[in-house]
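What follows is a single structure, written as structure tokens, with notes after it.
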Amino acid sequence: MISIEKIWEFTIIVSNINETTLHSTVLIGSRVKLRYEDDDSCESYTVVFPNEAQPELNRISFLSPIGRKLLLSKVMQSHELDIPLGVIKINIEGIQFGG
């Protein structure tokens, strides 16, 4: 579930939207480049609405576990993701909206 704090933060961001915000904050429709700390590999995901999710094409729902972590994140922000084999650390390397 999305927290009240995230909803409030989203409201503030959307009310002040500009070109810089679109490419510095993960929103629905953003393409996010991640770097995995354990092996220094990179991968990109597009955050989408649930009905548009196609995990095999790296299109993930904003309601999925990774989507919830990424939503409203900023460039250079780090996160820990819980996966079945343990915890992995990621860094957000870049954000591109609508691309």
Side-chain angles (χ1 to χ4, degrees):
M1 178 175 250
I2 304 292
S3 69
I4 297 295
E5 291 81 19
K6 281 220 179 208
I7 293 170
W8 180 250
E9 185 178 350
F10 179 75
T11 303
I12 291 169
I13 290 167
V14 170
S15 66
N16 295 307
I17 203 86
N18 58 45
E19 191 69 22
T20 301
T21 310
L22 285 176
H23 300 294
S24 65
T25 304
V26 178
L27 303 169
I28 297 169
S30 295
R31 183 133 184 100
V32 185
K33 181 180 177 185
L34 304 178
R35 180 171 306 278
Y36 296 94
E37 286 188 11
D38 61 343
D39 64 2
D40 207 36
S41 66
C42 290
E43 195 163 21
S44 293
Y45 294 95
T46 301
V47 179
V48 298
F49 286 103
N51 63 322
E52 298 172 334
Q54 295 178 303
E56 67 279 4
L57 299 177
N58 288 359
R59 294 176 56 85
I60 57 170
S61 167
F62 76 97
L63 296 176
S64 69
I66 190 170
R68 287 193 311 261
K69 287 274 189 174
L70 294 177
L71 194 63
L72 302 178
S73 294
K74 308 282 188 203
V75 174
M76 303 308 293
Q77 192 168 351
S78 298
H79 291 287
E80 291 185 348
L81 301 176
D82 293 318
I83 62 169
L85 296 175
V87 175
I88 57 174
K89 294 181 181 180
I90 60 167
N91 295 307
I92 297 177
E93 297 284 311
I95 300 168
Q96 181 180 10
F97 185 78

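Residues that satisfy the side chain to side chain contact (heavy atoms under 4.5 Å, CB included) test with Ile83, not counting sequence neighbours, are Leu85, Ile88. For Asn51, the side chain to side chain contact (heavy atoms under 4.5 Å, CB included) criterion is met by Phe49, not counting sequence neighbours. For Asp39, there are no salt bridge (Lys or Arg N to Asp or Glu O under 4.0 Å) partners at least two apart in sequence or on another chain. For Asn58, the side chain to side chain contact (heavy atoms under 4.5 Å, CB included) partners two or more places apart in sequence, or in a different chain, are Glu43, Tyr45.
To the nearest 0.5 angstrom, Ile92 atom CD1 is 5.5 Å from Gln77 atom CD. Taking CG from Leu70 and OG1 from Thr46, the interatomic distance works out to 11.0 Å, rounded to the nearest 0.5 Å.
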message: Run Asp38 and Lys89 through salt bridge (Lys or Arg N to Asp or Glu O under 4.0 Å) and show every step you take.
response: CA-CA 7 Å; Asp38 61 343; Lys89 294 181 181 180; over 6 Å; no
- request: Report the C-alpha distance between Asp40 and Arg35 in whole Å, list the side-chain angles of each, state the deciding distance to 0.1 Å, and finish with yes or no for side-chain contact (heavy atoms from CB on, under 4.5 Å).
  value: CA-CA 6 Å; Asp40 207 36; Arg35 180 171 306 278; 3.0 Å; yes
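Connection of Leu71 to Val48 is not established within any shared hydrophobic cluster, with ILVMFWY side chains joined at heavy-atom distances below 4.5 Å, either directly or through further cluster members. Put simply, Val32 and Leu57 are part of two different groups of oily side chains (I, L, V, M, F, W, Y) that touch within less than 4.5 Å, one to the next. If you chain together hydrophobic residues whose side chains sit under 4.5 Å apart, Val87 and Leu34 never meet in one group.
Within the 4.5 Å cutoff, side-chain heavy atoms of Cys42 are placed close to those of Lys33. Looking at Ser44 and Gln96, their side chains never come closer than 4.5 Å, going by heavy atoms from C-beta outward. Using a 4.5 Å cut-off on side-chain heavy atoms (C-beta onward), Leu27 and Val47 make no contact.
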When the side chains of residues 59-66 are checked against the rest of the protein, which donor-acceptor pairs come out under 3.5 Å, sequence neighbours left out?
{"from": "Arg59", "atom 1": "NE", "to": "Glu52", "atom 2": "O", "distance (Å)": "3.4"}
{"from": "Ser61", "atom 1": "OG", "to": "Leu63", "atom 2": "N", "distance (Å)": "2.9"}
{"from": "Ser64", "atom 1": "OG", "to": "Ser61", "atom 2": "O", "distance (Å)": "2.7"}
{"from": "Ser64", "atom 1": "OG", "to": "Gly67", "atom 2": "N", "distance (Å)": "3.0"}

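Here the closest heavy-atom approach between residue Phe97 and residue Ile28 is recorded as CE1-O, 3.3 Å. Between Thr25 and Ser30, the shortest heavy-atom contact is O-OG, 3.7 Å.
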